[in-house]
Amino acid sequence: MAHKLVIVESPAKARTIGGYLGEGYVVESSIGHIRDLPNSAADTPAKIKDKPWGRLAVDVENGFVPYYVVPRDKKSHIAKLKTLLKDADELYLATDEDREGEAIAWHLLDELKPKVPVHRMVFHEITKPAILAAVENPRQINDDLVEAQEARRILDRLYGYEVSPVLWKKVMSGLSAGRVQSVATRLVVDRERDRMKFRVASYWDLEGTFDAGSDHDPRMFPAKLHSVDGARVARGSDFGSDGALKSSAQGKVVHVDRTRAEALVEALRDTSYDVRSVESKPYRRSPYAPFRTTTLQQEASRKLGMSASVTMSVAQRLYENGFITYMRTDSTTLSGSAVNAARSQVRELYGAEYLPDSPRVYASKVKNAQEAHEAIRPAGDSFRTPAQTGLTGEQFRLYELIWMRTVASQMKDAVGQSVSIRLGGASATGEDVVFSATGRVITFHGFLKAYVEGTDDASAAKDDAETRLPALTEGDAVSAASVSASGHETKPPARYTEATLIKELEDREIGRPSTYASIIKTIVDRGYVYKKGTALVPAWLAFSVTRLLEDHFPRQVSYEFTAGMEDVLDEIAAGHKDRATELGEFYYGSERVQGLHTLVTELGEIDARELATFPIGGPDSGIHLRVGRYGPYLEGPDEEGNPTGKRANVPDDLPPDELTLEKAAELFANPAGEEIDLGQHPDTGLRIVAKNGRFGPYVTEVLPDDAPKSARPRTGSLLKSMSLETVTLEDALKLLSLPRVVGVDPENGEEITAQNGRYGPYLKKGSDSRSLATEEQLFTVTLEEALALYAQPKQRGRAAAAPPLKELGNDPVSGQPVVVKSGRFGEYVTDGEYNATLRKDDTVESITIERAAELLAERRARGPAKKTAKRGAKKAAKKTTKKTTGTKSTTRKSAAKKATTKKAAAKKS
DNA sequence: CAGTGAGCGAGCTTCCGCTTGACTT
């Protein structure tokens with residue numbers, strides 16, 4: 001039986017829509033995008049690999065043509081769709097009606113190559129009438145919208161894959177840059193810079209409790225000093241971040257300090273007051289719009305303490321099980337049936353007096369909203385109350401939040417009165433003082449009865465907060481029950497949290513609902529940002545990277561870049577602009593802008609050292625922080641005046657704004673940073689400690705303060721079998737006993753010693769060395785064994801000794817036998833001339849001669865091995881420093897990883 | 001930032017946005 005095949009994006013959606021369409025339709029999902037640019041070299045088709053732009057998979061020389069592949073994990077799914085299509089007589093592409101959805105539809109068309117009629121079907125709410133109407137009114141794929149999506153995709157690829165390598169070279173291997181993540185990182189860094197520049201201002205005022213007399217309710221009420229002799233008393237917002245009064249406040253306000261405040265309290269001891277004015281204004285507040293992705297993430301963070309990613313995965317489960325509508329949306333629109341459901345629930349639960357006469361409509365506040373979905377709301381044509389769902393735990397709490405917000409969004413405004421009362425009096429010293437009291441009374445709670453939004457600032461008043469004031473009138477006499485001075489300090493701008501950073505990104509039109517949570521993960525995974533409680537703190541690494549990007553890619557990391565890009569994409573989608581032209585301008589530049597490619601190729605010299613240096617405590621202190629390969633450290637002048645004579649480690653988790661000069665002095669006093677005390681050496685009595693050094697973890701002895709300057713403490717790297725967490729004094733003593741004298745060569749009387757070095761354990765006899773196979777041999781190798789090793793030639797000995805792991809037969813091209821070997825970089829196949837490393841999916845067990853021939857052919861296509869190797873060696877020899885950077889950054893990375901693990905462990909305990 | 005002695009098949013890292021399982025712990 002032939003059927004009509006409908007393809008949507010999400011499996012859960014497919015199930016629901018399948019139910020609406022019924023017989024004759026098969027509804028399947030694409031599970032998101034089905035094709036993409038290859039994400040690594042292993043996925044890049046061989047035919048474009050050799051092109052100069054092969055790494056990008058975008059032909060930048062020829063109209064920016066993208067080369068798409070079906071990712072490995074999507075291949076079987078595509079096969080399934082093809083099978084379903086075989087028996088279909090019509091195909092409906094029902095992906096989301098936004099830029100990405102249109103592109104998915106086009107990719108499906110291009111990949112499935114259907115021979116039957118194809119329709120593009122769109123809908124914005126998943127209700128039976130909407131779906132049935134959509135089937136009846138199909139359209140064609142909008143090619144301009146697809147063009148806009150491809151432009152977006154290609155731009156992001158070019159940005160990410162051109163700028164990231166600059167960071168690998170100049171900062172650290174493995175780092176990344178991108179249109180979204182680099183701006184997100186910059187926001188966090190900029191906020192920290194503001195905090196570092198911030199200077200606190202201290203100011204005082206008076207707080208009093210006043211007595212309106214026994215016939216008033218409430219009788220007592222609080223008020224604050226508002227003005228003295230007509231000049232308003234300065235409050236926090238009158239001060240700038242430099243700690244001084246803002247120019248707009250100067251001459252208008254009086255800055256009360258402690259002395260003045262305390263003197264005033266004294267002078268007001270016997271003052272009586274009269275009501276100078278009573279101002280009453282109506283208070284009215286409308287409900288919040290239903291949830292979209294970002295507002296849900298914010299509220300779940302404030303009220304349930306959920307991270308953005310937890311919120312999304314809990315919401316995903318609710319969605320899959322039919323409790324809520326789709327959770328990745330930028331729309332606040334409710335379908336007609338949802339409005340009805342909310343309204344009937346309002347009537348049932350709160351009564352008709354809470355129901356507005358007509359439904360409320362929420363227009364989107366998000367500038368680049370694509371509105372492919374509804375708001376996030378309880379699913380269905382009638383809402384289940386949380387109790388009716390049978391949900392528990394996190395799912396229950398998140399559902400409850402969504403349900404309450406949705407119901408509240410269709411309730412009446414809250415109304416009431418806000419009142420401001422001014423009390424005047426004269427001090428004993430002749431000043432005219434005015435106190436101010438503000439109050440708010442809510443006479444009808446409306447939606448606030450169902451839902452009150454949380455606040456990010458704990459001291460901020462909630463929307464339903466009430467303060468009642470007595471019903472005073474002008475001229476009434478009031479007495480002060482108590483007046484006291486109270487000091488305040490201005491606070492630096494708060495760090496971003498996940499939720500506030502996401503909000504900021506959305507406000508700036510950066511990122512999409514499906515990516516907000518993963519943006520945070522990216523910048524945390526890269527080591528740019530870490531979480532301290534809920535706050536996002538930038539690592540010094542982020543300062544280096546941000547500075548590089550600001551200096552050399554100012555347009556690309558500007559906060560306006562994405563918004564500008566969105567405008568251009570809209571023009572492309574409208575058919576007014578051309579994709580290749582716009583990408584050409586972005587990549588190669590124009591009279592107006594500098595192109596990305598130009599910027600990358602003409603970078604010039606970037607002084608990596610300067611880039612990673614940040615003065616501490618002003619430029620004159622001589623002390624600066626440097627981001628080294630092993631983490632941040634301080635450098636400063638020593639007693640002899642050597643400007644870099646003093647150094648000290650900076651803990652990875654010390655927030656940059658806490659690194660003051662005082663803190664620096666403290667760190668200089670204990671430059672090594674964390675060390676683990678292992679105990680005393682039984683012979684020398686010296687304290688033995690374990691530390692992390694630039695070559696990894698090691699143990700050393702602590703020399704007494706009165707030891708001669710020339711004395712060097714013994715040291716020893718931990719063996720691979722040991723770790724800083726588990727190393728014992730016994731281990732340390734063993735390590736410090738090295739080098740061990742193995743014996744004397746009877747031939748020439750030279751001493752043979754065993755020790756641990758850069759390349760692992762080895763024997764040394766004068767300037768002649770031999771590697772040892774295991775670290776254990778350091779302590780066990782005998783003179784006979786040592787002499788046997790020395791009897792063998794130095795270089796070839798080991799290489800010849802290592803037998804091939806597997807023999808595969810002869811290569812069809814060279815005719816030479818092919819074997820699998822294990823080398824420095826892992827397992828590889830070789831025909832004697834060419835060597836090719838096994839890829840991620842190859843194993844020694846599974847590899848065949850055919851696969852080996854494939855790998856060797858690929859390798860051969862890149863040219864002779866010796867030539868490239870030599871060139872590499874020459875380069876390395878010329879720029880020794882650079883080579884060192886490359887090797888060591890790996891160490892740094894793993895060290896950082898370890899540090900993170902340790903931190904996490906510490907938090908747990 | 002602890003201070004040491006080779007000579008060897010390199011090859012890969014990375015973007016943003018759409019979507020879920022398949023993994024392991």
**Student:** I'd like to know if Arg153(A) reaches the base of dC15(B) with its side chain, counting only an N/O donor and acceptor under 3.5 Å.
**Tutor:** yes
**Student:** Would you say the base of dC1(B) and the side-chain of Arg647(A) have a donor-acceptor pair closer than 3.5 Å?
**Tutor:**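 Such a pair does not exist between side chain and base.
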**Student:** In whole angstroms, how far is the C1' atom of dG17(B) from the CZ atom of Arg152(A)?
**Tutor:**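 Result: 5 Å.
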**Student:** Give one of base, sugar-phosphate or nothing for Gly511(A), where a contact means two heavy atoms less than 4.0 Å apart.
**Tutor:** sugar-phosphate
**Student:** Calculate the interatomic distance between Glu28(A) atom CD and dC18(B) atom P; express it in whole Å.
**Tutor:** 21 Å
**Student:** Establish, from distance only, whether the side-chain atoms of Ser814(A) and Asp831(A) form a donor-acceptor pair under 3.5 Å.
**Tutor:** yes
**Student:** When you measure from the side-chain N and O atoms of Gln149(A) to the phosphate of dG17(B), is any distance below 4.0 Å, counting only OP1 and OP2?
**Tutor:** no
**Student:** Does a side-chain N or O of Tyr326(A) approach OP1 or OP2 of dT19(B) to a distance below 4.0 Å, or not?
**Tutor:**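 Yes, Tyr326(A) has a side-chain N/O under 4.0 Å of OP1/OP2 on dT19(B).
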**Student:** Verify the stacking flag for Tyr762(A) against dA6(B): centroid separation must be under 5.5 angstrom and the ring planes must differ by under 30 degrees.
**Tutor:** no
**Student:** Cation-pi check, Arg626(A) to Trp540(A): give yes when NZ or CZ is under 6.0 Å from the six-membered ring centre and within 45° of the ring axis, no otherwise.
**Tutor:**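 No - Arg626(A) does not lie over the ring of Trp540(A) by the 6.0 Å and 45° rule.
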**Student:** Ignoring backbone atoms, test whether Ser176(A) places a side-chain nitrogen or oxygen under 4.0 Å from the OP1 or OP2 oxygen of dC15(B).
**Tutor:**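 Ser176(A) to dC15(B) OP1/OP2: side-chain N or O found under 4.0 Å.
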**Student:** Give a yes or no on whether a donor-acceptor pair under 3.5 Å exists between the nucleobase atoms of dC16(B), that is its base, and the side chain of Arg512(A).
**Tutor:**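 Answer no: no donor N or O sits under 3.5 Å from an acceptor.
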**Student:** Is Arg35(A) close enough to dC18(B) that one of its side-chain N or O atoms is under 4.0 Å from OP1 or OP2 there?
**Tutor:** no
**Student:** Out of dT19(B), dT14(B), dC16(B), which has the shortest distance to the side chain of Ser40(A)?
**Tutor:**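 Minimum distance to the Ser40(A) side chain belongs to dT14(B).
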**Student:** Answer with base, sugar-phosphate or nothing: what part of the nucleic acid does Gly32(A) contact at a heavy-atom distance below 4.0 Å?
**Tutor:** base
**Student:** Using a cut-off of 4.0 Å on non-hydrogen atoms, how would the nucleic acid contact of Pro165(A) be classed: base, sugar-phosphate, or nothing?
**Tutor:** base
**Student:** Rounding to a whole Å, what distance do you find between Asp43(A):CG and dC15(B):P?
**Tutor:** 15 Å
**Student:** Do we see a donor-acceptor contact under 3.5 Å between the side chains of Glu9(A) and Thr95(A)?
**Tutor:** no
**Student:** Nearest to the side chain of Glu9(A), heavy atoms from C-beta on, is which of dC18(B), dA6(B), dT14(B)?
**Tutor:**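 Per side-chain heavy atoms of Glu9(A), the pick is dC18(B).
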**Student:** Starting at atom NZ of Lys80(A), determine the distance to atom P of dG21(B), rounded to an integer number of angstrom.
**Tutor:**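 Those two atoms, NZ and P, are 10 Å apart.
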**Student:** Of Ser514(A) and Glu162(A), whose closest DNA chain B nucleotide lies nearer the 5' terminus?
**Tutor:** Glu162(A)
**Student:** Under 4.0 Å between a Lys/Arg side-chain N and an Asp/Glu carboxylate O for Arg328(A) and Asp330(A)?
**Tutor:**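 No, Arg328(A) and Asp330(A) are not salt-bridged.
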**Student:** Quick one: label Ser518(A) by what it contacts on the DNA or RNA (base, sugar-phosphate, nothing), any heavy atom closer than 4.0 Å.
**Tutor:** nothing
**Student:** Report the nucleotide, chosen from dT14(B), dT19(B), dT4(B), that has the shortest atom-to-atom distance to any side-chain atom of Gln181(A).
**Tutor:** dT14(B)
**Student:** Within this structure, what is the NZ-to-C1' distance between Lys13(A) and dC18(B), rounded to whole angstrom?
**Tutor:** 11 Å
**Student:** From dC1(B), dT20(B), dT14(B), pick the nucleotide closest to the side chain of Met327(A)?
**Tutor:**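 That would be dT20(B).
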**Student:** Starting from P on dC16(B), measure out to CD1 on Ile523(A) and report it in whole angstrom.
**Tutor:** 11 Å
**Student:** Please report the distance, rounded to the nearest Å, between NZ in Lys169(A) and P in dG11(B).
**Tutor:**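 Going from Lys169(A) (NZ) to dG11(B) (P), I get 19 Å.
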**Student:** According to salt bridge (charged side-chain N to carboxylate O under 4.0 Å, His left out), who are the partners of Lys806(A), at least two apart in sequence or on a separate chain?
**Tutor:** none
**Student:** Taking only the side-chain nitrogens and oxygens of Arg526(A), find out if one of them lies under 4.0 Å from OP1 or OP2 of dC15(B).
**Tutor:** yes
**Student:** Please state whether the phosphate of dC18(B), meaning OP1 or OP2, lies under 4.0 angstrom from any side-chain nitrogen or oxygen of Ser10(A).
**Tutor:** no
**Student:** Closest to the Ile31(A) side chain: dG17(B), dT19(B), dC15(B)?
**Tutor:**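 Nearest to the side chain of Ile31(A) among the choices is dT19(B).
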**Student:** Can you tell me the distance, in whole Å, between the CD1 atom of Ile510(A) and the C1' atom of dG17(B)?
**Tutor:** 15 Å
**Student:** Taking any heavy-atom pair under 4.0 Å as a contact, classify Ala177(A): base, sugar-phosphate, or nothing.
**Tutor:**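 Sugar-phosphate, backbone atoms only, no base.
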**Student:** Which nucleotide sits closest to the side chain of Arg328(A): dG17(B), dT20(B), dA2(B)?
**Tutor:** dT20(B)
**Student:** Going by salt bridge (charged side-chain N to carboxylate O under 4.0 Å, His left out), name the residues that satisfy it together with Arg99(A), two or more places apart in sequence or in a different chain.
**Tutor:** Glu566(A)
**Student:** When the nearest nucleotide of DNA chain B is assigned to Thr562(A) and to Ser164(A) on a heavy-atom basis, which residue is associated with the more 5' position?
**Tutor:** Ser164(A)
**Student:** For Trp168(A) and dT13(B), do the ring centres fall under 5.5 Å apart while the planes stay under 30° apart?
**Tutor:**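 Here Trp168(A) meets both the 5.5 Å and the 30° conditions.
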**Student:** Check the pair Arg152(A) / Glu100(A) against salt bridge (Lys or Arg N to Asp or Glu O under 4.0 Å), numbers first and verdict last.
**Tutor:** CA-CA 10 Å; Arg152(A) 197 279 307 154; Glu100(A) 299 294 329; 2.9 Å; yes
**Student:** Base, sugar-phosphate or nothing for Tyr161(A)? Non-hydrogen atoms, less than 4.0 Å.
**Tutor:**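 Tyr161(A): base contact, heavy atoms under 4.0 Å.
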**Student:** Touch check for Asp36(A), heavy atoms < 4.0 angstrom, all strands: base, sugar-phosphate only, or nothing?
**Tutor:**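 Base contact - Asp36(A) has a heavy atom under 4.0 Å of at least one base atom.
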**Student:** Between the side chains of Glu150(A) and Tyr68(A), is a donor N or O closer than 3.5 angstrom to an acceptor N or O?
**Tutor:**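 There is such a pair between these side chains.
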**Student:** Which of these nucleotides, dG17(B), dC18(B), dT13(B), is closest to any side-chain atom of Thr515(A)?
**Tutor:** dG17(B)
